[in-house]
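Side chains included, hydrogens not; waters and symmetry mates left out as well; all remaining heavy atoms used.
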Number of protein chains: 2
Amino acid sequence: MASLNDVANELGISISLVSKVLNGRMGTTGARPELIEAIRRTAAEMNYQKNPAAVALSQGRHNAIGIFIHSFGRPGSGNVDALLHGVSSEARQKNQRFILDFFEREEEFLAFNDITNKSIMDGVLLGGLPHEELVEALLELKASSMPIVTIFDKQINPLLPNVSFDQVEMGRMATDHLIQQGSRKIAHIVDFEERCEGYCNALIQNDMPLNGKLVYREGGEDFSYARGRRAAQFFLDSKTSFDGVVAQSDEEAMGVMNVLLAAGVRIPDDVRIIGMDNAPYCDFAGVSLSSVSQNGVQRGRLALKMLMALIDGETVESVSIPPELFVRESTG
Amino acid sequence: MASLNDVANELGISISLVSKVLNGRMGTTGARPELIEAIRRTAAEMNYQKNPAAVALSQGRHNAIGIFIHSFGRPGSGNVDALLHGVSSEARQKNQRFILDFFEREEEFLAFNDITNKSIMDGVLLGGLPHEELVEALLELKASSMPIVTIFDKQINPLLPNVSFDQVEMGRMATDHLIQQGSRKIAHIVDFEERCEGYCNALIQNDMPLNGKLVYREGGEDFSYARGRRAAQFFLDSKTSFDGVVAQSDEEAMGVMNVLLAAGVRIPDDVRIIGMDNAPYCDFAGVSLSSVSQNGVQRGRLALKMLMALIDGETVESVSIPPELFVRESTG
DNA sequence: TTGAAAGCGCTAACAC
DNA sequence: GTGTTAGCGCTTTCAA
């Protein structure tokens, strides 16, 4: 691996000149065009590549960002995947290395502090399950002049810029879609209360009554297939007629779908179903599943952009990415 | 951020002594126990943390490895996810940073050479879709003394250690499972020829005839839901009775399942179905789907272990991880 | 038992 | 136009 020194020696000139020319940082001065040319050529011939560690040591800038993700979403939902792809593609474009850490257990995530390090990375992205209890540690980290952007569903502190998305709107959008398609008695499975709020809003905005018997609530968040099945059974048992179901995950929606199909209910003719997350498997459900997406790729990309702006000394504002509707057979 | 210098000044001693004590590298000599104690305490109090860039510059060792993945497997199959989690968990244990790059398009992957860099990372992991055309570039990289381990399904060059898995065995294992469960006329959807070979082997080993009408082959690899549907229709149209289907992906298997269920076929009573990849959604198919897994987590973990061994100057051999069977309702 | 000094490869202020 | 020099934070050899 050729160094600046090697190139300088080859040409019999000083290291600093080579550095200046190669970096295009001549300041007010200049250099002989033919020398410039020669330096460039020699460097290329010798296959010179900067040593990032040396640059980092000298400049304090690493061209690397850390990303810490506490896995979220059900396995297979594609949520983490999408975020990662968004960040990764943007990072490549901006020539940033991208240091990843996954966490499964909470303690691991809380230890993120040991890993973030101003002398490794220029900034930090934090995503996945939100951790309010991290606020203090994050503010401290920020105070030590480490740029931070979070990718939680909502901002956990006004000082920490975040790429959020609107849970309420997600519920509203899903419900409103069913209404637009013609559903009038829409059931809902509650995990996040905010999405339920969106569901209610949609009913209100469309002058439709809210029927408590059609809201299935177990408490806690779960989003599981099993919960979907239990909910469907609950709706059937309630003897309350319904013609739409808004689930809070695709997995839940699959549970609902399978129970209803088994009970002889036709989808979407008798009941329309919509899920959330737009998981890859929506396409190959028995009846392909409509869904509302969190737009993970876009959020990841935007988060990295914001982080780079912060690193460059600009100020950034939190933003919210709207959910997106994907229509398939189940709400046809 | 306190430096060695800061700690040394605080105690009025030399930098090198602090370094030696903190690293436990006293060589043949020693230091006063109480001084050692004082150094440790002061470092802790001052919240001293090594500057990795400086260590890297001085030692030429980065404690970071690069991982380059050309996405593979159908979205939602969880293949990439599993690999990444395996590598990540092992990396954390071994205190290695972990520099990620995803590739979607082939050109991007071929440019991996620009990114690998002895002065950023100590070794390289390459995984996902195998790229035989990379052999030359990889050997060159290796010759420049960069440790490399690949995570392709099979080794692409004898000089490049690889964590493979056995495609033939995957086909055999899936087919044999159906046979053990009682299936006698087993259909197969061909994407990879090797898996088909395994399918044939299983039939042969169990003294069962091979019926060409029950082998669906479109050419090329695809693994899609749509191919599964076409295959199922093909089997039905062939008027050849069958009581088992070995698909080469879970998505294909879902396609088969949905077509058969719609045609009134009972699963597993009339026909057993098994997929491959053990995708997360296997659990919430209409009838939960049995599958054979590539064991991505284990492979990722092992690959990192091998890479670390290489970095430490040991020699490693390629290994093959056996597939694993996950039984669910569809082959009950 | 402790410290001085060189060096890893690069940048940047300043001198010539 | 070009070169000298100090310095980023650490490790390591050698001397005291």
Between [N] atom [atom2] and [X] atom [atom1], what is the distance in whole Å?
| X | N | atom1 | atom2 | answer |
| --- | --- | --- | --- | --- |
| A:Leu17 | D:dG3 | CG | P | 6 Å |
| A:Asn23 | D:dT2 | CG | P | 17 Å |
| A:Asp6 | C:dC10 | CG | P | 9 Å |
| A:Ile120 | D:dC10 | CD1 | C1' | 15 Å |
| A:His62 | C:dG9 | NE2 | C1' | 15 Å |
| B:Asn9 | D:dG9 | CG | P | 12 Å |
| B:Asn5 | C:dG3 | CG | P | 13 Å |
| B:Leu57 | D:dT11 | CG | P | 12 Å |

What heavy-atom pair brings [X] and [Y] nearest, and what distance separates the two atoms?
| X | Y | value |
| --- | --- | --- |
| A:Gln167 | A:Asp153 | NE2-OD2, 2.7 Å |
| A:Asn79 | A:Gln294 | ND2-NE2, 3.9 Å |
| A:Pro147 | A:Asp122 | CD-O, 3.1 Å |

* **Side-chain H-bond candidate by donor/acceptor type, B:Asn162 with B:Ser318, under 3.5 Å** => no
* Any donor and acceptor pair, going by atom type alone, linking the side chain of B:Ser293 with main-chain N or O of B:Asn295 inside 3.5 Å? -> yes
* Asked: For B:Gln49 and D:dG9, is the shortest distance between a side-chain N/O and OP1 or OP2 below 4.0 Å?
  -> no
* Asked: OP1, OP2 of D:dT11 versus side-chain N and O of B:Arg25: anything below 4.0 Å?
  -> no
* Asked: Using the C1' atoms of the five pairs at each end, what is the angle between the end axes of the helix from C:dT1-D:dA16 to C:dC16-D:dG1, to 10°?
  -> 50°
* If you round to the nearest 0.5 Å, how far is OG of A:Ser71 from CG of B:Asp81? ->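 That separation rounds to 7.5 Å.
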* Got more than 12 heavy atoms from elsewhere within 6.0 Å of CD, A:Glu136? -> no
* Asked: Counting only heavy atoms not in B:Glu317, do more than 12 fall under 6.0 Å of its CD?
  ->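 At most 12 heavy atoms, drawn from other residues, nucleotides or ligands, come within 6.0 Å of this atom.
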* List the steps and the verdict of side chain to side chain donor-acceptor pair (under 3.5 Å) for B:Asn63 and B:Lys50. => CA-CA 12 Å; B:Asn63 296 310; B:Lys50 272 193 202 203; over 6 Å; no
* Of the candidate nucleotides D:dT12, D:dG9, D:dT2, which contains the atom at the shortest distance from the side chain of B:Asn51? ->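 Nearest listed nucleotide: D:dG9.
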Scan nucleotides 4-7 of chain C against the protein and return all N/O pairs shorter than 3.5 Å with their distances rounded to 0.1 Å.
unit_1: C:dA4; atom_1: N6; unit_2: B:Ser16; atom_2: OG; d: 3.1

